[in-house]
Each structure stands twice: as structure tokens, then as C-alpha cells.
Undergrad: 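One structure coming up, written as C-alpha cells, with questions to follow.
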Amino acid sequence: MLAIIGGSGLTQLSNLDVQRREVVRTPYGEPSGVLLFGRVCNLDVVFLARHGYGHTIPPHMVNYRANIWALQQAGVTGILSVASVGGIRGDMAPGTLVVPHQIIDYTWGRKSTFHDMADRPVVHIDFTHPYDPILRRRLIAAATDAGENVIDGAVYAATQGPRLETAAEVDRLERDGADIVGMTGMPEAALARELAIPYAAISVVANWGAGRADSSEGIGFGTIEGTLQGAMGRVRKVLEKVCA
Ligand code: HPA
């Protein structure tokens with residue numbers, strides 16, 4: 001069974017035929033919301049809205065550990081993350097769909113490991129390649145099937161938020177080698193790896209990064225919402241093909 005974690009703009013999966021809802025408690029507290037079990041195109045999936053179903057949980061307050069733990073308890077064999085990002089590289093224009101291949105983590109103060117209990121051995125997971133190659137390929141193939149363009153490969157910068165970046169911060173991210181910037185990719189990806197759950201992401205570019213192109217004087221929330229609404233319809237089409 002695949003899990004889909006939906007981000008901003010994807011708090012519902014309209015093509016999910018919901019069969020069961022489950023409230024899950026975990027040793028790490030409560031997940032962002034109930035798990036929705038259902039079927040998309042004949043495949044069992046479980047859906048979770050990362051920011052809560054009313055979109056009330058900001059990126060730095062998401063209980064990533066509870067979310068990933070709950071999905072593992074549900075028996076998922078892979079996690080597809082959907083999240084909106086800002087575009088940094090010249091071809092990452094608003095509306096673009098991207099399947100990133102690398103991560104740079106700038107977040108801080110988040111509970112980013114399951115291995116922090118006293119008197120337990122220290123664990124260092126391998127994270128050289130943070131995304132699962134097979135799930136990445138499935139996403140890219142699904143996009144092709146759905147007739148949607150996706151960019152295969154990008155370096156995702158995970159920032160703390162909840163504020164957007166300054167123009168100088170986006171310049172720095174670019175110098176560091178980042179192509180897109182978002183606030184929720186970490187520690188989600190690392191926690192999935194700790195539990196050995198294959199994880200891949202589809203990023204939806206909602207806006208140009210601060211200081212770039214039409215974001216040179218600021219980032220309008222209206223612009224982000226408008227772009228996301230259109231793009232998430234395309235993401236749903238892609239997800240339907242992943243499940244096919
Ligand atoms: N920065 C960080 N996260 C984001 C952005 C951005 O510009 N757009 C959507 N999520």
C-alpha cells in the first residue's frame with residue numbers, strides 16, 4: 001500500500017474513494033490528522049494531509065515523526081510526498097512539476113530522528129541518496145503516462161519557515177546548488193529512511209523564489225494560491241497513473 005502525504009493545495013484527494021478513516025496515536029504524539037484509507041484506480045492507498053485537513057499546522061509545527069510512524073503502523077510500503085516549492089533555477093517556473101533527487105537541509109529545531117532515546121545505541125542512517133530511485137522512476141513514468149511534463153532531478157533546499165526567504169537567502173541557496181526551495185521536505189524524508197520506507201516527492205513550483213522574476217518585489221499569496229490550484233489538478237492526474 002502506498003501513502004500519499006499531501007501538502008499545501010492538496011489537503012484532499014478528489015480521486016480517492018475513501019473506505020475507512022483511522023485516528024492513530026503514536027509514541028511521538030498525534031499525526032497531522034486522520035489517515036484516510038481508500039483506493040485510487042484499484043490500488044490501496046492511504047492519504048494524510050501534512051498541514052491538517054483545515055490547513056492549520058505550519059511547516060515547523062508538523063509532527064513529522066508521528067506522521068511517518070503512523071504510516072508505518074498502517075503498513076505502507078512507500079510514501080509519495082506532494083509539496084509546493086519556490087523555483088530558483090531558471091527552468092523552475094511557477095506551475096512546473098519536479099521530482100527532486102537531492103536535498104540540502106537548512107531546518108533547525110525539528111524533531112528529526114526516532115533514535116534519540118536515552119541509553120539506546122546511536123544510529124546514523126545512510127542518506128547519500130535521500131529519495132528512493134524506484135519510486136522516483138514510478139512518479140516520472142506516471143507523469144509521462146498522464147501527459148504531464150516533469151523535471152527529473154533537482155536539489156531541494158528545505159528551509160525552516162514559516163516565513164518565505166529573503167532575496168539574499170535565495171541567492172545563497174542557489175550558490176549552494178539548490179534548484180527549488182520548500183519548508184516540509186525535511187525531516188520527513190530522513191524519518192522515512194530511518195524506518196526503511198521508500199520515499200519520493202513531487203514538488204509543485206508555486207512561485208519564483210524571493211527576489212527572482214515576478215517575485216523581485218515580493219511574493220503575492222494570491223499568485224501562489226492560483227498557481228497551486230491549477231497545478232494540483234495535474235498532480236492528481238499523475239498520482240492516478242502512479243497507482244495504475
Ligand atoms: N519558499 C519556501 N517554501 C515555499 C515557497 C518558497 O518560495 N513557495 C512554496 N513553498
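For ligands, and for the atoms within them, numbers begin at 1 and follow the listed sequence.
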Undergrad: Any idea which protein heavy atom is nearest atom 1 (N) of ligand 1, and the distance to it?
TA: E165 OE1, 2.7 Å
Undergrad: Just checking, is any N or O donor in the side chain of H55 or S8 under 3.5 Å from an acceptor N or O on the other one?
TA: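 Present: a donor and an acceptor within the cut-off.
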Undergrad: Can you report which non-hydrogen protein atom sits closest to atom 5 (C) of ligand 1, along with the distance?
TA: G86 N, 3.4 Å
Undergrad: CD1 of I134: more than 12 outside heavy atoms within 6.0 angstrom?
TA: no
Undergrad: Tell me the contacting part of L164 for ligand 1: side chain, backbone, both, or neither, using a 4.0 Å heavy-atom threshold, strictly below.
TA: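 The part of L164 near ligand 1 is the side chain, not the backbone.
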Undergrad: For ligand 1, find out whether one of its N or O atoms is nearer than 3.5 Å to an N or O atom of W208.
TA: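 Between W208 and ligand 1 (N or O atoms, distance only) the closest approach is not under 3.5 Å.
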Undergrad: Classify the angle between the aromatic ring planes of F114 and Y28 as parallel (below 30°), tilted (30 to 60°) or perpendicular (above 60°).
TA: perpendicular
Undergrad: For I151 and D91, which heavy atoms make the closest approach, and how far apart are they?
TA: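 Taking I151 first and D91 second, the nearest heavy atoms are CD1-O, 3.6 Å.
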Undergrad: Looking only at distance, does N207 have an N or O less than 3.5 Å from an N or O of ligand 1?
TA: yes
Undergrad: In a check of salt bridge (Lys or Arg N to Asp or Glu O under 4.0 Å) between R212 and each of E169, E174, E217, E165, which one passes?
TA: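 In the set E169, E174, E217, E165, the residue that makes a salt bridge (Lys or Arg N to Asp or Glu O under 4.0 Å) with R212 is E174.
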Undergrad: In ligand 1, which numbered atoms sit nearer than 4.0 Å to a non-hydrogen atom of G182?
TA: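 The list of qualifying atoms is 2 (C), 3 (N).
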Undergrad: To the nearest 0.1 Å, how far is atom 4 (C) of ligand 1 from its closest protein heavy atom, and which atom is that?
TA: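 Of every protein heavy atom, V181 O, 3.6 Å lies nearest to atom 4 (C) of ligand 1.
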